[in-house]
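Here is the structure we will look at.
Just follow the structure's listing: the first ligand is 1, and inside any ligand the first atom is 1. Heavy-atom basis, side chains included; hydrogens, waters and symmetry copies ignored. Starting from 1, each residue takes its place in the sequence as its number.
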Amino acid sequence: MTAPRIDTDTLRRLPKAVLHDHLDGGLRPATVVELAEEVGHALPTTDPDELAAWYFEAANSGDLVRYIATFEHTLAVMQTREGLLRTAEEYVLDLAADGVVYGEVRYAPELMLNGELTLPEVVETVQEGLAAGMAKAAAAGSPVRVGTLLCGMRMFDRVREAADLAVAFRDAGVVGFDIAGAEDGFPPADHLDAFEHLRRENVPFTIHAGEAHGLPSIHQALQVCGAQRIGHGVRLTDDIVDGKLGRLAGWVRDRRIALEMCPTSNLQTGAATSIAEHPITALKDLGFRVTLNTDNRLVSGTTMTREMALLVEEAGWGVEDLRTVTVNALKSAFIPFDERRALIEDVVLPGYATAL
Ligand SMILES: [Zn+2]
């Protein structure tokens, strides 16, 4: 396949939307080093470049459980008000520098309780940092809207508490909910009470499913728990044979359920074998509502610009494909319809028109 070349500057300028990106997986290496020194946490190395390389290699094990273990060193510096304010603000500025105009950031407040903060204080502090970042990005001429998804950890017993927090902060920047953590052995229906509560309260949610575990996990997330989107969903291809969709794949495509796909992350956890063969391309071509995401920018050594470049260079994507996944993401974003439409019509489509 001969891919049309699109230079990196053009890719960086294209307006982007990211639905699946973890706050604790996207810190700047230099920030991890500085904050770790302040709180007395020992790192594998104190050189920012070496630390970035360490993350990428440690996360490259082909195993989701080991991938998740690398978060120990980012979470260690996210236990204080100062650490959360700084990482949240920098998170927004880094998205803006990457050309992102809409982002949904996700994290589990229950993992940030080793310091002085309570669950509500964690959420308030992150929102404060995100707001500061959005104000700075707008003042610098790169406005980015960031909504928050609160996560419960599927292997622990505080998912319902996290869901209650999402309801409590729904008018303060939290736009939805998710469960994160190791998928195998921890099916979404274990937390049915939390999802039923969110549905009663009209709070939208996505569920990590079909990454380490296959079709039953995706089926349960959608049809038992009621998720409106699926995190990853790469294993949905198990339900597609020679381009013919099984009933679950048909449900996902025909109901326009967004798949939050994260190519580099999937290579690292073994959920996909190469960018060229990653299911995102086949699913896009079959008309699924696929979206492109980073998952964890530090841990996976990536950005939205880099993910786009990989698909252009290795999977034959053109600008139209990049526009499609960007519009898809906004169509399935958890912010109100009028805001989504305004971003598509006023920002994304004009931005791609100049590149086409
Ligand atoms: Zn994820």
| What is the OD1(D295)-the Zn ion (ligand 1)-NE2(H20) angle, to the nearest 10 degrees? |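 Roughly 90°, rounded to 10°.
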| query | Taking the Zn ion (ligand 1) as the vertex, what is the angle from NE2 of H208 to NE2 of H22, given to 10 degrees? | reply |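 Nearest ten degrees: 100°.
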| task | Please state whether the separation between the Zn ion (ligand 1) and some N/O/S atom of C262 is under 2.8 Å? | result |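 Not a single backbone or side-chain N, O or S atom of C262 is under 2.8 Å from the Zn ion (ligand 1).
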| task | Can you measure from OG1 (T303) to CZ (R297) and round to the nearest 0.5 angstrom? | result |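 Reported value, rounded in 0.5 Å steps: 8.5 Å.
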| Less than 4.0 Å between a side-chain N and a carboxylate O, is that true for R86 and E82? | no
| Do H208 and H22 have ring centroids that are under 6.0 Å from one another? |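 Ring-ring flag for H22/H208: true, centres closer than 6.0 Å.
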| said: Aromatic contact between H219 and W251, with the criterion being ring centroids under 6.0 Å apart: yes or no? | reply: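 Not under 6.0 Å, so no.
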